[in-house]
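What follows is a set of notes on a single structure, which appears directly below.
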Amino acid sequence: MLGKWYGFILLLLILLAGCDDKPLNHPYPSENDETRVFYSHFTGRPKTLDPARSYSVDEALFTGQIYEPPLQYHYLKRPYLLTPLTAARMPVITYLNAKGDPLPKDADETQIAYSMYEITLQPGIQYQPHPGFAKDHQGQYRYHTLSKKEAATQQALVDFDETDSRELTADDYVYQIKRLAHPATQSPIFGFMENHIIGFTEYQQLLQQAYEENTNHFFDLRKYDFPGVEVVDRYTYRIYLKGKYPQFIYWLAMHFFAPIPWEVDYFYSQSGMEQHNLGFDWYPVGTGPYLLSENNPNRRMTLQKNPNFRGEYYPQEGELEDESKGLLTLSGTLLPIVDKFVFTLEREAIPRWNKFLQGYYDQSGIATDSFDEAIQIDALGKPELTSSIAEKSITLKTSIDPSVYYLGFNMLDPVVGGASERARKLRLAIAVALDFEEYISIFLNGRAVVANGLVPPGVFGYRSGKGGMNQKIYEFKNNKIKRRSLAYAKRLLLEAGYANGIDPKTQQPLILNYDAIGGAQANERAQFNWMRKQFAKLGIELYVKSTHYNRFREKIRTGNSQIYMWGWSADYPDPENFLFLLYGPNGKVSHGGENTSNYHNAEFDSLFKKMKGMDNTSERQVIIDKMREIIQGDSPLVFAYHPKSFTLYHQWVSPRKFSGIINNGLKYVDIDMEKRQSQRKQWNQSNFWPLLFLLGIFVAVLIPVVYRFWRKEHFPMDRID
Amino acid sequence: MIHFTFLTTDYLLFLVLTLLAICLCVSFRSQQFSVSWRQMLTKPLAMSSLVVLCFYITIGLLDSIHFRVPTAQGHHSIKVYSFFDKVIGESTTEKTYSAPLATHAYNKVSRLTPDGRIVRFYSALKHIPGHVLASHGHYVLDVVFTFLKASMWALFLWLALLLIWVKLSPHVTVKKFIRGDLPLAWRSFWITLGIMLLMIFMAHGMSGNYHVLGTNKIGHDVFYECLKGIRTALLIGSLTTLFMLPFAVLLGTMAGYFGGIVDDVIQYIYTTLSSIPGVLLIAAAILSIQVYIDNHPETFSSLASRADARLITLCLILGVTSWTNLCRVLRAETLKLRELDFIQASKALGAGHGRIIWSHIVPNLVHIILITAVLDFSHLILAEAVLTYVGVGVDPTTFSWGNMIDSARLEFAREPIVWWPLLGAFSFMFIFVLSVNLFADALRDAFDPRTRFGG
Amino acid sequence: MLGYILRRLLYAMPVLIGVNLITFLLFFSVNTPDDMARSQLGAKYVTQNAIEHWKQQHGYDKPLFFNQESVGTGKITETLFYTKSVSMFAFHFGRSDGGRNIGHDIVQRMWPSLALAAPVLLLGLLTNIILAIVIVFFRGSYLETGGLILCIILMSISSLFYIIFGQYFIGRVMQLTPISGFSGGWHGIKFLILPVVIGVIGGIGTGIRWYRTLFLEEINKDYVRTARAKGLSQMRVLFVHVLKNAMIPILTGVVVIIPSLFLGSLIMESFFGIPGLGSYTIDAIRTQDFAIVRSMVFLGAVLYIAGLILTDISYTFVDPRVRLK
C-alpha cells in the first residue's frame, strides 16, 4: 500500500528532473557557471559576530573574513609570523618610564612603566558598502534619522536601497577599543585587558555612569576619551599598556582589535533595529575580502566578495615543502579568489557526511565523529584515508590545535597537593600509570598527540623527541621513547608511603576524588571507567563525580576539588600563553587567574617573568626547557594531549594549509568548477531499481484486493455483513 | 557473601509487578472478567504475544536483582552486578567494531613488522576460540555444529515440556492439540514457546564462541546491550503507568462524580498541563533534575544511582504528561455513569461517596483503564528512544535502546556501513512493542463493550 | 458567538499563567541566573563583574516571585516572574539568552515548519482515509485481518527507524532526493519530498486504525442499511454517505491540531535540516537557552488553546444543531 506514494514521488521526480540536467539530489538552486561558489557547512548557530564579543572558532569562520585587525599571520610560514594587514608596517613599540620619557629597546624591565604601540594604517582602504554610510544630496546621512515606522518595515539589511562606503581611519580602531570597555558590549576580554591597557578600568566606570544618564538612543563613545588610546593623525593611533607585555602584539591580529565605524554603530542603535536582529551581532561591517551578503543563522550564511576590497596577493614564499605540496602555485594571484562562500547549517552528522561524499560540500571542516569512517590510524600513528574515500581523491589535512588538555591536581589539597616529597611521588606515580596513549587511541581515534609539557607542537618552545621527553614518565630504550612500567609507578607509590595503594591512615585503599565535566556524551561512562581503571592499576580507588560545567568551574574557582581534567585553548601562538597556566601569581583561588591547579614554585615564576619579555631566541628556548623540567618534576598537572583537527576537502579545491590560529584563510582558496560539476554528476546517478521493487510489491498487494473487490461487487450473496 | 544492593527502580518494578499480580488474581475471581480473559486467550496472536511478553518480563526481572560480590581484598566490589549478568556470564570486550558472528575485526589494523614494513590485516577477535580461527572451513563447521546442537537441545526440552503438559492436563490429548481443538489457543502458545526456546538456546550457544550481534565502537557485545535494554524499557513503561494511574483514576472520577468546583479545579489542572507541549515539559523537568543531581554529588554517589534518579524522574514526568488524557476520558465516562439508575439508587440508600465511587463507578471503568494502560505502555517504549535522541531521555550511562540508537546512528554513515547496533536495538524494540500492541488489540476486543457486543 | 469566544479567551488567561508558573518553577528551582550567565559568557576570563553585567543586561538581577526591597505593587511587579511573563502576553518574547530577538526568529522559522507539517497532515489524511475505507470495505475478510496486522506492525516501528532508514535508502542509496536541506519557493519541493513521505508512512498505522473505528461506527447506523436496501453499491455508500457523515469527527479532530502545525516536528526538522520551530526548540533545549524554551512553551500553550476554540467553532459549521452560547 505504501507503494502508492513512491509512485507519486516517481512522477514528481520525473517532472522535476525534466527541468534541468542536474542530478536529482542536487541541493542548491541553479547557479551561474561563471561565479565560483564554494560550498561548506556550519554545525551550530553562531552566537554573535560582533568583533568585541565573539570568542569561538565557529564564529571566527565568518568574522575572520570580514573584519581586518591591523595585523595578520603569514598564511604559510611556521612558526607563526605576524605581518601587516591593514597596517602599513609593523607597529612601532616604544617603552616609557614613569615620567613618560622613551627608553631604549633593551631597557631593564623594572624601569619600564608603560609601553606604547604606534600603528600606522595604509591609506585608501575602503569599507564594504553599507547603508549606514549612505548620504543624501545635502550630505546628511540617509538612514540615520529613521522614524519608528520606517525602521519597522526594514526586515533585513538588503531592504535599504542605498549604500555607501568610507575610508578606513585610525578613529575606527580606537572606537572599537572603546567598545571593549562599554558595559553593554560585555566583551569577554575586558576582564583580561583591564590589567594591561592604561586607564581601562576607570574608563569602564566612567562609561557605566555616562551610559546610565544617557537618554539618546545612541551612546557616542567618541565623546569619552581615556589615556590608554590616542589618535595621532588620520592613519595613526597609539595604544598605551602598563609595563611590558610583549604578547600584546598578537592581540593586534585578533578581531577584538578590528575597526568599527561609528556611522554604522549609530545606524544600528536606532529603535526598531534590534527587533529585526539588525546589529553588529548579525550584520558585521568590515574592510575584509568578503562581506556577509546573506545572514540567516537558522539556515544559511553567505560570504560574497567585497567589491571595495583593496586587493592583496597570494604570498610568494612559504615553508620548504610548500612548493611540492602545491601551495605556491597560486603565488601572486589577486585575492580573494572564490566569488562566494555558501555555508549551510547542517547539524546532523549523517547528512553532513553524506553530502560531503556526494560532492555537495567542498570541504568538511570540523573534527567530529563522522571522521572516524574516513580515517584510520596506522601503526606509526599516522592517519590515512580508507580505500573507499581515497578512491574519490579526497585530501586529508591535519593540524595540531594550539591547545593542551591535562589532568590537574589541586595543589592546595592535603593529599595530592603541596610540595612535600610524599605528594610529589604520589602525583608522579599517577602520571606514570595514566596511559594517555591508550586514551587517545580509544576515545579520540588517534586524533591527538601526547603532551610532554604545556607548549604544543608548532609553538615556539616545544621540543620533540628525546629532548622534550618527560623523563619522569618516559624512558629512552632501544632508540624509542617508552612509557615507564607500572612496576616503576608502584615503586614511586611505595616511596610515597602508599604501598600497593593502601592508605596507612585507614588501612584501606586510598580514595581519590575526580571531578569530571558531565554532559550528554554517550561514551562518558567508558571514559570514567577508563580513568577508574588507570587508578585501580595502582590500587587507588577513584570516585568519579561528574558535574555540570558551570558547577565544575565554580569548584575549581573555590579550590574545592582534588583531581580534574581540563584543557586550555590558546589565544595566540606564544609559549607565554601556555606557561602562564602554572604561573603562581595567576593562581585560580588566590587571584582568579587561569592557574587552575594553584601551583606555586618560586623558581618557575622567576623564569616565567624572564621568559615573558624575550624574543624567540635560543636563550629563550633554554629557559623554557628549564621551566618544562621543573613542572615535569613537580608534576602539578599530568600533561595529557594536544588535539589535532582533521579537515577533508575534494580534489577540485586548491591545496590548503590549516591551522588553529589563522582564521582568515578563505581568501586563499580556489576551486575548479568544471571538475566539480563532472564529478558531482558521476557520483550522483540515481538508482531506480528499488522503486521498481516496491512497485512490484504494490502490484502483488493490489491483485488480491482487486480480485476481492470484483467478487464483492459481482456476487453480492458472497457478502458477509 | 554477596551483598544485595537494590536500586530504587528495582523496588518499584517489583511493586508494580506485585500489584499487577494482585489485580489479576482479583479479576479472575470476577465472573465478567474471567470470561473476557478466556475469550482473549482463545486468539492465537494474543497468546503468542503473551508468551513473548513473559520472556521480556522475565529478563527484565532477572536484571533487576542487583548485588555486589566480594573482592579478593575482602570488601565488596564497586561494580554492581545483576542476577542476569551472572546468568549469561561476562562477555569479552573487543577493541572496536566487529560484525555479527564475525571472527575478525571489521576494520584493518596496521602493524610494523620486524623488518620495518607496514602490514595491514584484520585482527582476530579475542572472544573467538583458536580452533575456529584455524580456517574458514572450521568456522563454518563450528557455526553449523553450534546451530544444530542448540536446535537439538531446544527441541528436546520443548518436547519434554509439551509431553509433561499433555500428560498432566486432563482434557488434552495429542490429537486435539494438533487439530487445535482446545478451548484456549494452546497450540500457538507452544509454537511460540518453541521458537523462543530455540532462540534462547541458539543465542546462548553462539554467544559461547561469537558475538551474536557483533560489537560496537568500544568493543562491547551488542547483543548483551540489547538484552540489558529490556529492563529500561520495562521500567519506563511500567513505572510511568504506576505514577499515572492513581492520579488519572482519582481525579477523573472525582471530577465526573462531584462536578461543580471540584470539576473546575481538576479541569484547570489538566488543561494547563496538557497545553504545554509534552517534549518541552519533559525537557524542562529532565534538565532541572540533571542540574540537581550534578549539584548534590553526595546524595548520588555512584553512577548507577544517578542514572536511577534520572530514570525515575523521567517516568514521573512522563506520568504527568500522560495522565491528562485518561483523566479526561474517565471524567466523561463517570459523568454518564453518575446519572444511571443503580448509582442514583445507592445514593438514595445513603451510601457514602467514596463507597459509590469505589464499588460502583470504578469497576465500570476498568476496561478503559486497562486498555489505555497497555496502549500507553507501547507508546512509552517508543517515546524513550525519541526523547533520548533529543537529549532529555534516560541517562547516557543507562543501557537503553534509545541510547544505542542515539550513538549508533552516526555509524550508519560509515563506509563500510555499521548496521548491527541499530538493527539490534530496533528489532528488540520492535518485537517488544509489537507484542504489546497485539496484546492491547486483543485486550480491546475482549474487554471493550462496544466491540464485544456491538461489532 | 463572539461572547463565547471572548469568554474562552478570558478562561485561557489563568491557564497561560499556570503554564508560565510551571516553567518558572521548574527552571529556577535548580538553575540560578549566575549559572545562566556563566554558560552564556563562555569559558575564558570570566569575572564576577561580567556576570553581574550580564544579569543586569538580560534582566535577571531581580528576585524570583517576591521583591522585599520594593514598595507597594513593586513587591510583585519588580520580580523576574512578573517582568518576564507580562510581556509574553503581548507576544513580546524579548531576546534569547544568546542575544537574538526571539519574536523575529519565530516568525522566520514558522513557515518552514508549516511547509513540512501541512503536507504531512493533508497527504496523511488523504492516505489514511482512503486506506481505512478500503479496509472497511473488505471487513470480515482475510484482507481486513491482514491490513490490520500490517497497521499494528507499522505502528510498532519507531519513528526514528523510518527517518534513519528512509534517509539512508532514498537519500544515500538511491540518491533520488537531497539528503537534507531546505529552500523557499518551488525549488524547495525536492527537499520536502523525503521528510513528507517518511512523515506520512510513519503515521499510517495509527491513522488507519483510528479512521476505521470512525467508519465502523457509522456503518452500523440505519441510514447505511437504508441506502444499501435502495440498491446503492457498497463503494458508493462508503465513499459518499459514510464519509460525509464521518466528516464531523474527522474535521474536528484535524482542526484541533492545525494551530500546532506551526510548532513543527522536533526530530524530522533536525534530521532533515529544516530551519523550523522544531529544530529551534531542540537547539534551545541542547544549549539550555531558557528564554527560548519559555517562549516556545508559551507559544505551544497558546496554539493548543487556539486549537480547542477553533474546534468548538468548527462544530457550529459542520453540525448546525450545535450553537455556542
Side-chain angles (χ1 to χ4, degrees), chain A residues 1-2 4-6 9 12-13 16 23-27 29 45 47-48 55-56 183-184 186 188-192 274-277 281-282 296 298-299 344-348 350-351 354-355 358 360 548-551 553 592 594 684-688 690-691 704-705 708-709 712-713 720-721, chain C residues 35 38-39 41-42 44-47 49-50 53-54 57 95 98-101 103-105 108-109 127 131 134 137-141 143 150 164 167 169 171-183 187 189-191 193 197 200-201 204 233-235 270-273 275 279-280 283:
Chain A
M1 271 164 230
L2 310 177
K4 198 173 201 142
W5 291 109
Y6 289 98
I9 312 164
L12 248 176
L13 283 173
L16 276 172
L24 281 179
N25 57 2
H26 197 287
R45 214 145 54 98
K47 263 187 181 167
T48 169
Y55 207 172
S56 88
Q186 289 171 2
I189 64 157
F190 176 78
F192 183 76
E274 197 188 296
Q275 268 144 42
H276 297 129
N277 290 324
D281 281 343
W282 304 107
N296 185 350
N298 303 326
R299 192 194 304 174
T344 313
L345 179 65
E346 195 75 80
R347 209 179 314 272
E348 287 291 324
I350 303 179
N354 284 333
K355 273 166 137 177
Q358 290 173 341
Y360 293 127
H548 191 257
Y549 187 47
N550 286 327
R551 212 40 67 151
R553 285 198 296 184
E594 298 297 332
N684 291 291
Q685 304 289 341
S686 292
N687 272 321
F688 285 101
L691 272 188
V705 171
R708 281 298 298 196
F709 181 77
K712 235 177 157 172
E713 292 293 293
I720 300 155
D721 58 325
Chain C
D35 283 341
R38 269 195 210 105
S39 7
L41 284 172
K44 286 156 136 193
Y45 312 122
V46 176
T47 57
N49 205 357
H53 273 310
W54 187 90
Q57 198 83 38
R95 279 155 76 92
R100 275 178 78 84
N101 188 305
H104 185 262
D105 270 1
Q108 207 180 35
R109 282 174 163 259
T127 329
L131 291 179
V134 169
F137 177 81
F138 290 114
R139 66 190 178 283
S141 75
L143 278 173
L150 193 67
I164 294 176
Q167 202 173 37
F169 281 109
R172 173 105 187 258
V173 177
M174 290 157 74
Q175 315 213 88
L176 290 180
T177 62
I179 286 172
S180 71
F182 184 78
S183 159
H187 180 71
I189 288 181
K190 76 186 195 184
F191 293 102
I193 292 173
V197 167
V200 169
I201 292 176
I204 263 183
S233 82
Q234 175 98 329
M235 263 312 180
S270 170
F271 261 97
F272 293 103
S279 49
Y280 190 55
D283 279 2

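All chains are named by letter (A, B, ...) in the order of the sequence lines, taking the proteins before the strands, and each is independently numbered beginning at 1.
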Would you say A:N277's side chain and C:N101's backbone share a donor-acceptor pair under 3.5 angstrom? yes
Would you say the side-chain atoms of A:K355 pair up with the backbone N or O of C:I179, donor to acceptor, closer than 3.5 Å? no
Interface moiety of C:Y280 toward chain A, non-hydrogen atoms closer than 4.5 Å: side chain
How close do A:H26 and C:K190 get, heavy atom to heavy atom, and via which atoms? O-CE, 2.7 Å
Examine whether an atom of A:N684 lies under 4.5 Å from a heavy atom of chain C, and if so say whether it belongs to the side chain, the backbone or both; otherwise answer neither. both
Counting only heavy atoms closer than 4.5 Å, note whether A:Q685 contacts chain C via side chain, backbone, both or neither. backbone
Can you find a pair of side-chain heavy atoms, one from A:P27 and one from C:F191, that are under 4.5 Å apart? yes
Quick check: do A:R299 and C:Q108 have side-chain heavy atoms less than 4.5 Å from each other? no
Taking all non-hydrogen atoms of both residues into account, name the closest pair between A:L24 and C:L176 and its distance. CB-O, 3.2 Å
Enter the distance from A:D281:CG to C:R100:CZ here, rounded to the nearest 0.5 Å. 9.0 Å
Highest number of heavy-atom pairs under 4.5 Å with chain C among A:S56, A:A184, A:P183 belongs to A:A184
On a heavy-atom basis, the closest approach of A:Q358 and C:R172 is NE2-CA, 4.4 Å
